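Predicted model, so just to flag it, every value in this text is computed and none were measured. Because only heavy atoms are used, hydrogens play no part in the values below, and waters and symmetry mates are left out as well, while side chains stay in.
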Amino acid sequence: MRLREKVCLITGSGSGIGQSTALLFAREGATVIVNDLDEEKGNSTVAQIKEGGGEGLFLRADVTDPAQVDDMISEALAQYGRIDVLFNNAGISGVGALHEVEPEVWDRVMNINIRGVYLPSKYVLPHMMERKEGSIINMSSCIAEIGLARRASYAATKGAVLALTKSMQVDYAPYGIRVNALLPGTILTPFVENYLRTSYEDPEEAIASIKTRQLSGELGRPEDVAKAALFLASDESKFMMGSPLYIDGGVVFGKNA
């Protein structure tokens with residue numbers, strides 16, 4: 001019960017990494033506020049939390065809309081009185097070399113992946129500052145540290161999130177707030193599986209090729225990232241501040257011969 005009595009808000013937790021994290025946090029004693037645009041998926045996550053004996057609440061909000069985010073945070077505080085952990089997990093992928101990416105596509109990736117970290121943090125931080133405690137976890141990616149073909153928009157956002165994390169930590173350390181980032185490698189989420197099926201003639205061949213990037217020789221699973229998020233959310237990581245935590249199977253710091 002590493003999160004006993006903590007209230008945790010996880011954006012984009014209707015599926016994938018967010019859902020796995022929500023279920024794990026609940027098993028570890030947290031009250032979990034599930035956020036997603038998809039009501040069916042969000043409510044499904046909450047139903048699974050409650051089936052496991054946990055406490056959860058679904059709040060629908062677009063993380064790029066200030067009014068909706070403000071309302072979500074206000075509702076969460078009205079229900080539970082505090083937010084101990086904010087996990088800015090919501091995000092989308094972006095594919096294409098820079099010259100191939102249309103402006104509207106570029107703007108959408110920027111909006112969701114960066115503004116979607118900025119707005120929830122903006123509305124949660126005053127509450128955490130008043131209480132002089134809190135943990136914020138931002139979803140970056142190992143792509144913030146490496147070059148990867150045809151991922152210009154995505155890489156730009158994840159690099160920005162990592163830089164933002166470090167800057168936030170400097171500003172909010174005096175208030176007892178920790179801000180850290182997760183940097184996963186390729187994680188086999190439903191989104192990634194769908195992307196592989198629709199973008200490659202032979203998805204299995206694509207998966208085999210992607211596996212060669214990792215020293216582990218395997219793709220990560222949502223649970224791998226969820227466990228790292230649990231560590232950052234818990235008091236066990238109280239001396240981690242402004243840190244990137246890699247869950248990438250050895251992509252960044254390793255190279256097969």
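In this structure, Leu57 and Val34 have side chains that are not in contact, with every pair of non-hydrogen atoms separated by 4.5 Å or more. Counting heavy atoms from C-beta on, the side chains of Ile137 and Ser135 come closer than 4.5 Å. With a 4.5 Å cut-off on side-chain heavy atoms, Pro120 and Leu9 do not count as touching. Side-chain contact check for Ile136 versus Met168: some heavy-atom pair is nearer than 4.5 Å. Side-chain contact between Met139 and Val225: present, with at least one pair of heavy atoms (C-beta onward) separated by less than 4.5 Å. Using a 4.5 Å cut-off on side-chain heavy atoms (C-beta onward), Ile83 and Ile73 make contact. Ser121 has its side chain within reach of Leu86: a pair of non-hydrogen atoms, C-beta onward, lies under 4.5 Å apart.
Between the Arg178 side chain and the Leu232 main chain, a donor and an acceptor come within less than 3.5 Å of each other. Between the Ser13 side chain and the Ile10 main chain, a donor and an acceptor come within less than 3.5 Å of each other. Using a distance-only test at 3.5 Å, with no hydrogens or angles considered, no donor-acceptor pair links the side chain of Glu28 to the main chain of Leu3.
For the residue pair Asn113 and Val117, the shortest heavy atom distance occurs at O-CG2, 3.5 Å. Between Gln214 and Asp248, the shortest heavy-atom distance links the atoms CG-O, 3.3 Å. Here the shortest heavy-atom pairing between Arg115 and Thr64 reads NE-O, 2.7 Å. Listed here is the closest heavy atom pair of Asp62 and Val69: O-CG2, 3.5 Å. Scanning all heavy atoms of the two residues, the minimum distance from Ala90 to Val63 falls at CB-CG2, 4.2 Å.
By the 6.0 Å contact criterion, CD on Glu104 is enclosed, its count of non-hydrogen atoms from other residues, nucleotides or ligands being greater than 12. Atom CZ of Arg108 has 12 or fewer heavy atoms from other residues, nucleotides or ligands within 6.0 Å. Around OH of Tyr118, the count of heavy atoms belonging to other residues, nucleotides or ligands within 6.0 Å does not exceed 12. Other residues, nucleotides and ligands place more than 12 heavy atoms under 6.0 Å from the CD atom of Gln79. Counting non-hydrogen atoms of neighbouring residues, nucleotides and ligands closer than 6.0 angstrom, the OH atom of Tyr175 reaches no more than 12 such neighbours. More than 12 heavy atoms of other residues, nucleotides or ligands shown are found within 6.0 angstrom of NZ on Lys6. Taking a 6.0 Å sphere around CD of Glu205, one finds it holds 12 or fewer heavy atoms contributed by other residues, nucleotides or ligands.
Here Arg221 does not pair with Glu223 in a salt bridge; the nearest charged N to carboxylate O distance is not below 4.0 Å. Of the charged side-chain nitrogens involved, none lies within less than 4.0 Å of a carboxylate oxygen, so that Arg4 and Asp235 do not count as a salt-bridged pair.
A distance of 9.5 Å separates CG of Leu125 from CG of Asp171, quoted to the nearest 0.5 Å.
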